[in-house]
Amino acid sequence: MSKFQAPKGVSEYFPPNSEQFEFIRDQLINSAKLAGYSLIELPVFEDTEVFTRGVGESTDVVCKEMYTFEDRGGRSLTLRPEGTAGVMRAVIEHNLDRGQLPVKLFYSGAFFRAERPQAGRYRQFYQVGIEAIGYNDPEIDVEVIAVADSAFKALGLKQYKLNITSLGDSKSRDSHRTELVKYISSLKLDEETTARAKLNPLRLFDDKREEIKQAMSKAPLLLDYLNNESKAHFEEVKKLLTELGIAYTINPRMVRGLDYYTGTTFEFDHALLGAQSGIGGGGRYDGLMNSLGGSDVSGIGFGLGVDRILMAALAEDCLPNDINQLKLFIAPITEKGKTAAFNLLSELRGNGITCDMAYGDRGLKGGMKAADKSGALYGLVIGDDEISSGKCELKLMSSGEVFSSTLTASDLIKRIGSSN
RNA sequence: GUGGGCGUAGCUCAGCUGGUAGAGCACCCGGUUGUGGUCCGGGAUGUCGCGGGUUCGAGCCCCGUCGUUCACCCCA
């Protein structure tokens, strides 16, 4: 056993799983690119205040889950626990909102939260996220949701559900909160629950205990406190979702753990994942830019959990089994064959053919076995006969069928290229 | 931060009321000196997570510790 182990609770990916991870991540990114979002690549640590002010000091994420440290210059830095606050910092710092709006950005990378690890919950995890900044049209809300939904559909996922609600504007929230606090204070709750309610009364809506669910069943719902403007916006969002054929459930009891959310808020849940079933979520954050010192422009975005989406795809068994499949594997059986194979590979790779060969002195059987294990589409043996005749037999591994070819890259490419 | 389960070969795990380790898969070689997958034969692999204790003797019992896993909490 090795002396070193990865830090507690991090997710790691290596072959063959890493290819599935990469596939999922690239599909998510692709969906964002199709909708005109551009990459923003940011530091994984930020001034701690970006998160305390952006995400909100009362949130669990900020007050007990951040990796915060002091650098040699005495600055307080924090490994990013989420993506939105950092993106807003960069947008403000580099004046990205001064040009044409909306600004549409996507990011992909690792995030860090010091939580107790669990199925689908890691201390270092991966998200792909998008942010659309500058307008609060309901169309943008729906576009953001549709980017996530179409990514899931492209992956072949089926057993997921979209929950949406609206948190309204700050006035709507204030008047609701007053009523909610009044309602909660009439309940008999244990000390811990009371403390949670004090921090964020909405929390009690997603408590898993039956007695709390019962007690909260008659609590005032924020959706009923929306002012006309918020209500109209939400109605339009629902209408557009329906027109796009995106199924949703209105869940007025949905709670998000980050303070910056306003208006349209949503979450995707997967049915096969256990306790940590959220595969993505997001919402509008109309006051965030302003609270970080920028101009008062609105925004909406989401974060998708790559680790969890991979788990969901594995659970639904919807991943293709030929991700990054080798097109050709060469088994050289003589020294000359080895050299010829090596040169041929270089030429094939130069033409975009994914290919590999057996190294070492494996002999015919070992070479073919290696070809089999590699999962390559075609196998090719090169020995002295092939070199002297200039001819070879390309073997389709799945069926055993062989095709005659000359031992030239151009001829091999013709055959391999036509196979899919 | 709280609670439960589990740490034995590369992987999945078995190992009885304590008597100093085993299977399957994977891997390597051969049967078949120019064609893989099946079959048959052979082979390599372990400080039984780590530290301490009880015992003549510990993979097994006790304590601690680390890791892992599931749930609470929280969220991606």
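Chain letters run A, B, ... following the sequence lines, proteins first and then strands; every chain starts at 1. These numbers come from the heavy atoms of this one structure, side chains and all, not from hydrogens, waters or symmetry mates. Being a predicted model, the structure only gives us computed values, none of them experimental.
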Point to revise | Check: Y37(A)/E143(A) side-chain N/O donor and acceptor closer than 3.5 Å | key: yes
Practice item. In whole angstrom, give the distance that lies between atom CD1 of I382(A) and atom C1' of G36(B). Key: 17 Å
Study note, to complete from the structure: Looking only at C74(B), U35(B), G37(B), the nucleotide nearest the E115(A) side chain is C74(B)
Exercise for review: Quick one: label S374(A) by what it contacts on the DNA or RNA (base, sugar-phosphate, nothing), any heavy atom closer than 4.0 Å.
Suggested key: nothing
Practice item. Rounded to whole angstrom, note down the C1' distance from G46(B) over to C11(B). Key: 14 Å
Practice item. Nearest whole angstrom, please: distance from the P of C73(B) to the CG of N200(A). Key: 14 Å
Check your understanding: Among C73(B), A71(B), A76(B), which nucleotide sits nearest the side chain of F125(A)?
Key -> A76(B)
**Study point:** R308(A)/F125(A) under side chain to side chain contact (heavy atoms under 4.5 Å, CB included): CA gap, chis, key distance, verdict
**Key:** CA-CA 9 Å; R308(A) 289 185 189 173; F125(A) 57 99; over 6 Å; no
Practice item. Would you mind telling me which of G3(B), G37(B), A76(B) lies closest to the side-chain atoms of D372(A)? Key: G37(B)
Check your understanding: So which nucleotide from G37(B), C73(B), U35(B) ends up closest to the side chain of K208(A)?
Key -> C73(B)
Practice item. Examine C74(B): is either OP1 or OP2 under 4.0 Å from a nitrogen or oxygen in the side chain of R121(A)? Give yes or no. Key: no
Review point. Would you find a donor on one side and an acceptor on the other, under 3.5 Å apart, between the side chain of S346(A) and the backbone of F342(A)?
Key: no
Review point. Given the rule in the salt bridge (Lys or Arg N to Asp or Glu O under 4.0 Å) test, do D207(A) and R196(A) qualify, once you have shown the distances and angles that lead to the verdict?
Key: CA-CA 10 Å; D207(A) 200 298; R196(A) 280 207 294 143; 2.5 Å; yes
Practice item. Provide, to the nearest angstrom, the distance between the CD1 atom belonging to I212(A) and the P atom belonging to C74(B). Key: 11 Å
Practice item. Report the distance from atom CZ of R362(A) to atom P of U33(B), rounded to the nearest whole Å. Key: 18 Å
Check your understanding: Which parts of residues 300-315 of chain A get close to RNA chain B, meaning a heavy atom less than 4.0 angstrom away?
Key -> G303(A), G305(A), R308(A)
Study note, to complete from the structure: Considering only heavy side-chain atoms of K8(A), the closest of C74(B), G67(B), G36(B) is G67(B)
Practice item. When you get a sec, tell me which of C75(B), A76(B), U35(B) is the closest nucleotide to the side chain of V381(A)? Key: U35(B)
**Study point:** Parallel, tilted or perpendicular: rings of F21(A) and Y126(A) (30°, 60°)
**Key:** perpendicular
Point to revise | Note, T262(A) side chain near R173(A) side chain (heavy atom, < 4.5 Å) | key: yes
Review point. In the strands shown, is G51(B) matched to any nucleotide by a Watson-Crick or G-U wobble pair with both distances under 3.5 Å, and which?
Key: C63(B)
Exercise for review: Take the protein atom CG of L258(A) and the nucleotide atom P of C74(B), then report the distance between them rounded to whole Å.
Suggested key: 13 Å
Exercise for review: Decide yes or no on side chain to side chain donor-acceptor pair (under 3.5 Å) for E131(A) and Y285(A), but give the supporting numbers first.
Suggested key: CA-CA 10 Å; E131(A) 312 292 350; Y285(A) 42 83; 2.5 Å; yes
Practice item. When you get a sec, tell me which of C73(B), U35(B), G37(B) is the closest nucleotide to the side chain of Q118(A)? Key: C73(B)
